[in-house]
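These notes concern the structure reproduced below.
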Amino acid sequence: SEVTGKSDNYCYEDGIRAFVQHQNSSKEVVHKDIIYLHKRDEESRVELEVAMQFNTEYSTDNIYSFANNINTIHGGTHLSGFKASLTRTFNKFSREYKLIKENEEVPDGSDYLEGLVAIISIKLPDPKFESQTKVKLANSEIEGIVQQMVYDRLGSYCEENTATAKGIILK
């Protein structure tokens, strides 16, 4: 702080995966492994890291977002892109694996946020924030970039780890 001259520095040896594990340490988890997605887009020079794990609780306020290591406590375009892609990926998987019948309505995005602990960290050139306090990322192009990155990586994860994906969706 400016008053004391002291600051806190959070450093997890295993990065954002360890932070998710720490957040869920006292909770019953739906799947043991922490889902980790990492992708760098050379053209836009955007790098995305996501770590996430579901627990059996129904809380929906355990998503932490960062842009260039700044905690964007009010989210922004990277968070909205993540949420949209999470819903799209799980709904597609649900239909493919017949977890949702043809005539059934697919869950909305809030259903997939229940029990989710996630860290979204994006690195990008020229970040734009909505205010001086940098609590919300405003770069409009980031939403689509993050959506595609998460859809690609999470879709692959679900295909390779069908039991985990089914467990998350059935929860």
Side-chain angles (χ1 to χ4, degrees), residues 1-90 108-154 157 168 171:
S1 89
E2 290 178 26
V3 176
T4 64
K6 294 181 180 179
S7 68
D8 290 324
N9 186 12
Y10 297 98
C11 180
Y12 289 90
E13 198 170 301
D14 203 13
I16 62 175
R17 285 178 278 230
F19 187 65
V20 168
Q21 188 173 23
H22 171 73
Q23 292 294 311
N24 270 334
S25 61
S26 63
K27 298 176 173 90
E28 185 182 336
V29 294
V30 174
H31 52 99
K32 193 167 125 348
D33 61 323
I34 295 190
I35 300 169
Y36 178 74
L37 315 170
H38 180 248
K39 185 159 185 174
R40 179 171 170 74
D41 180 66
E42 295 304 324
E43 186 181 328
S44 64
R45 297 188 356 249
V46 169
E47 184 173 7
L48 176 72
E49 262 189 300
V50 174
M52 57 193 231
Q53 185 181 43
F54 287 83
N55 60 52
T56 57
E57 296 178 2
Y58 292 93
S59 171
T60 60
D61 59 352
N62 291 311
I63 300 176
Y64 305 89
S65 64
F66 298 85
N68 293 358
N69 296 325
I70 296 166
N71 185 357
T72 49
I73 57 173
H74 293 158
T77 53
H78 54 326
L79 181 58
S80 55
F82 168 77
K83 287 178 176 179
S85 197
L86 187 76
T87 303
R88 181 177 159 212
T89 305
F90 284 154
D108 70 27
S110 63
D111 293 323
Y112 293 125
L113 300 179
E114 291 180 356
L116 171 64
V117 173
I119 312 291
I120 298 131
S121 177
I122 192 163
K123 302 228 174 21
L124 68 156
D126 193 31
K128 293 175 179 51
F129 297 96
E130 281 192 4
S131 69
Q132 289 295 104
T133 55
K134 299 182 179 183
V135 293
K136 190 171 187 179
L137 184 67
N139 297 61
S140 58
E141 74 282 3
I142 292 301
E143 186 167 6
I145 292 170
V146 170
Q147 269 188 38
Q148 196 56 51
M149 287 177 157
V150 172
Y151 185 74
D152 290 347
R153 291 293 193 254
L154 187 58
Y157 178 88
I168 291 167
K171 184 235 178 228

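Position 1 is the first residue of the sequence; numbering continues from there. Quantities reported herein were computed from a predicted structural model and do not represent experimental measurements.
Side-chain contact check for Glu114 versus Thr60: some heavy-atom pair is nearer than 4.5 Å. You'll find the side chain of Thr56 reaches within 4.5 Å of the side chain of Val30, heavy atoms only. Two residues are said to be in side-chain contact when any heavy atoms from C-beta on lie closer than 4.5 Å; Phe82 and Met52 meet this criterion. Using a 4.5 Å heavy-atom threshold, the side chains of Ile120 and Phe66 count as separate. By the 4.5 Å heavy-atom criterion applied to side chains, Leu79 and Ile63 are counted as neighbours. The shortest distance between side-chain heavy atoms of Val50 and Arg153 does not fall below 4.5 Å.
In this pair, Tyr64 and Phe19 present their aromatic rings perpendicular. The plane angle is above 60°, beyond the 30 to 60° band.
Put simply, the residue from Ile145, Val146, Leu48, Asn68 that forms a side-chain contact (heavy atoms from CB on, under 4.5 Å) with Leu124 is Asn68. If you run side-chain contact (heavy atoms from CB on, under 4.5 Å) between Ile122 and each of Met149, Glu47, His78, only His78 comes through.
Glu49 and Ser121 are not linked by any side-chain donor-acceptor pair at a separation below 3.5 angstrom, with hydrogens and angles left out of the test.
In terms of the side-chain contact (heavy atoms from CB on, under 4.5 Å) criterion, residue partners of Gln21 (sequence neighbours excluded) are, by chain and number, Ile34. Thr87 is linked by a side chain to side chain donor-acceptor pair (under 3.5 Å) to nothing, counting only residues two or more places apart in sequence or in another chain.
His31 NE2 to Asn55 CG: the interatomic distance, rounded to the nearest 0.5 Å, is 9.0 Å.
A donor-acceptor pair under 3.5 Å is absent between the side-chain atoms of Lys83 and the main chain of Leu113, judged by distance alone. Judged by distance alone, the side chain of Asn139 and the main-chain N or O of Ile142 form no donor-acceptor pair under 3.5 Å. At distances below 3.5 Å, not a single donor-acceptor pair connects side-chain atoms of Ser85 with backbone N or O atoms of Gly81.
Lys171 forms a cation-pi arrangement with Tyr58, by the criterion of a distance under 6.0 Å to the ring centre and an angle within 45° of the ring axis.
Between Asp41 and Lys39 there is no salt bridge, since no side-chain nitrogen of the basic residue lies less than 4.0 Å from a carboxylate oxygen of the acidic one.
The minimum heavy-atom distance between Gly75 and Ser65, with the atom names listed, is CA-OG, 3.6 Å.
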